[in-house]
Protein chains: 2
Amino acid sequence: MSAASLRARVRAEMTDEIKAVARRHLAADGANLSLRAVARDLGMASSAVYRYVASRDDLLTWLIIDAYDAVGAAAEAAEAAVDRADFTGRWLATCHAVREWALANPHEYALIYGSPVPGYRAPADTVAPATRVGRLMGRILADARPDPGEPVEGPLAAELDAVAAEVAPGVSAAAMGRGMAAWIHLFGAVSFELFGQLANAVDERRAFFDLQMRGAAAVMGLARAPGS
Amino acid sequence: MSAASLRARVRAEMTDEIKAVARRHLAADGANLSLRAVARDLGMASSAVYRYVASRDDLLTWLIIDAYDAVGAAAEAAEAAVDRADFTGRWLATCHAVREWALANPHEYALIYGSPVPGYRAPADTVAPATRVGRLMGRILADARPDPGEPVEGPLAAELDAVAAEVAPGVSAAAMGRGMAAWIHLFGAVSFELFGQLANAVDERRAFFDLQMRGAAAVMGLARAPGS
DNA sequence: GTCCGTCAAGAGCAGTGCTCGCAATCACGT
DNA sequence: ACGTGATTGCGAGCACTGCTCTTGACGGAC
């Protein structure tokens with residue numbers, strides 16, 4: 001009948017359902033989700049889900065890939081809504097989108113940007129989606145044509161050039177280094193806020209984050225946003 | 001006999017021994033250390049260690065406090081060895097000390113700067129040791145008397161002033177904001193390196209980190225290190 | 001010398017990831 | 001149209017976890 005056999009289609013639906021329930025459990029209980037519990041929620045024996053999921057780590061990998069895709073999509077959507085010439089605006093839209101997604105999905109954020117879960121080794125499937133936000137930032141940086149700055153010395157220069165060639169063509173090694181500083185700054189700020197390092201220090205979370213990311217934009221050498 | 005009764009002394013020794021074994025297990029297996037396993041290593045029944053440890057979370061809290069103290073001590077020792085007038089040098093010494101401690105004790109680092117372990121709520125005892133590295137950075141910043149910069153607006157300014165009053169007296173809100181940017185940058189960079197976000201991007205880890213932290217020093221407004 | 005606090009042990013509960021054999025079912029190829 | 005074989009689900013079971021409770025024994029304090 002269909003291109004995919006009925007069996008395969010039912011199987012795909014089943015795996016989707018497992019993923020959905022697992023994501024719900026992840027949101028509720030964090031990374032210590034239990035296969036047995038999702039099996040219970042699905043109304044079937046724990047051993048039955050092993051027909052679809054190779055292991056608990058396998059299930060986590062699915063969720064990790066989905067999470068990377070979700071932040072990436074959120075960031076891209078927010079960035080796309082900004083005037084292409086407003087580089088700082090594009091950068092800030094990206095930052096706030098990432099932060100808001102993280103606040104809305106804290107456990108999923110922790111899954112991808114927190115400490116690796118013990119005994120878990122990230123398979124190769126996860127590296128491609130993981131680069132999505134970085135690539136978006138690279139595009140902004142390349143469009144902004146930042147000041148090349150003083151040349152970087154040593155073997156590091158070649159590596160930064162390689163990174164630039166991959167995500168931000170035409171950007172110098174030094175500017176790429178500053179771009180990665182902003183990248184680190186972004187996820188560092190979100191992680192600190194989410195993981196509680198800002199407790200008892202700053203309550204104006206959004207304003208603080210905004211200040212931080214504007215500073216990062218300046219370091220990167222993005223043009224000042226129109227009307228700010 | 002002694003000031004502390006014999007009972008209390010034996011008890012203290014026992015808890016120290018438990019902590020030591022637990023730290024060994026943490027280093028080997030990560031945050032999913034099991035009380036039963038450390039009990040086995042100690043040659044006693046799992047139920048016996050509950051005489052000394054209230055719960056697994058309690059044990060984790062001990063290790064967290066120790067870890068905060070250990071990074072703090074490592075950073076302070078490295079920073080103390082640098083000429084007081086060389087602010088950038090003091091900053092870089094702090095950064096590299098933190099990074100090297102983290103590389104040597106990855107699981108302990110993950111415990112304190114990674115995602116919070118699921119279901120674990122950090123007790124109040126952990127907040128004091130947690131500020132140790134931040135306070136050290138504050139002292140460097142205050143000594144460097146950075147440019148006040150443009151005033152920060154809104155309620156955030158008061159919060160930044162309060163933070164400055166606590167860790168870096170005499171520093172303006174804007175400069176404090178830049179100092180916190182460096183703070184975030186430091187731990188963001190270490191976390192990214194340790195948690196695998198730099199994989200397939202940069203191999204010259206130390207040189208990259210050094211470049212990043214020199215950039216952070218510049219952003220903070222520290223004086224350029226003598227002879228660099 | 002008795003007494004009571006402290007300690008360690010064992011059994012047990014509820015939960016986990018994961019495996020394996022058995023039974024049923026149901027889409028598919030002939 | 002039908003037999004069949006792959007696919008699915010189940011239950012029992014293993015080894016493990018955190019944690020509780022009871023029981024027995026040791027030993028310092030009075």
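What you see is a predicted model; the values in this text were computed from it and never measured. Numbers restart at 1 for each chain; the letters A, B, ... are given by sequence-line order, proteins then strands.
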Is any side-chain heavy atom of A:D66 less than 4.5 Å from a side-chain heavy atom of A:R23? yes
Starting at atom CZ of A:R56, determine the distance to atom P of D:dC16, rounded to an integer number of angstrom. 18 Å
When you measure from the side chain of B:S34, which nucleotide among C:dA9, D:dG18, C:dC18 comes out closest? D:dG18
Interatomic distance, A:R9 CZ vs C:dC26 P [rounded to whole Å]: 16 Å
If you check every side-chain atom of B:R51, which of D:dT22, C:dG17, D:dG18 has the closest atom? D:dT22
Expressed as a whole number of angstroms, how long is the span from A:D58:CG to C:dC18:C1'? 13 Å
Please tabulate, one pair per line, each protein N/O and nucleotide N/O from nucleotides 12-14 of chain C that are separated by under 3.5 Å, including the distance.
unit_1 : atom_1 : unit_2 : atom_2 : d
C:dG12 : O6     : B:R36  : NH2    : 3.3

Looking at C:dG10, does its base get a donor-acceptor pair with the side chain of B:S47 below 3.5 Å? yes
Just the rounded figure in Å: distance from C1' of C:dG15 to CG of B:N32. 16 Å
Please state how far atom CG in A:L35 lies from atom P in C:dG15, giving the value in whole angstrom units. 16 Å
Salt-bridge criterion met for A:R214 and A:D210 (N-O under 4.0 Å): yes
For a quick check of understanding: with a heavy-atom distance under 4.0 Å over all strands, which category does A:L33 fall into, base, sugar-phosphate or nothing? sugar-phosphate
Mutual orientation of the aromatic rings belonging to B:F192 and A:Y113 [parallel < 30°, tilted 30-60°, perpendicular > 60°]: parallel
From C:dT16, D:dC10, C:dG17, pick the nucleotide closest to the side chain of A:Y50? C:dG17
Any ion pair linking B:E76 and B:R132 (charged N to carboxylate O, less than 4.0 Å)? yes
Provide, to the nearest angstrom, the distance between the CZ atom belonging to B:R40 and the P atom belonging to C:dA9. 14 Å
Check whether any side-chain N or O of B:R11 sits under 4.0 Å from OP1 or OP2 of C:dG5, and answer yes or no. no
Looking only at atom types and distance, does a side-chain atom of B:H107 sit under 3.5 Å from a main-chain N or O of B:A27, one as donor and one as acceptor? yes
Distance check needed: C:dG17 P versus A:I18 CD1, whole Å only. 13 Å
So, does B:Y52 get its side chain near the phosphate of C:dA8, meaning an N or O under 4.0 Å from OP1 or OP2? yes
Are B:R139 and B:E79 within salt-bridge range, i.e. N to O under 4.0 Å? no
Geometric class of the A:H96/A:F209 ring pair [parallel <30°, tilted 30-60°, perpendicular >60°]: perpendicular
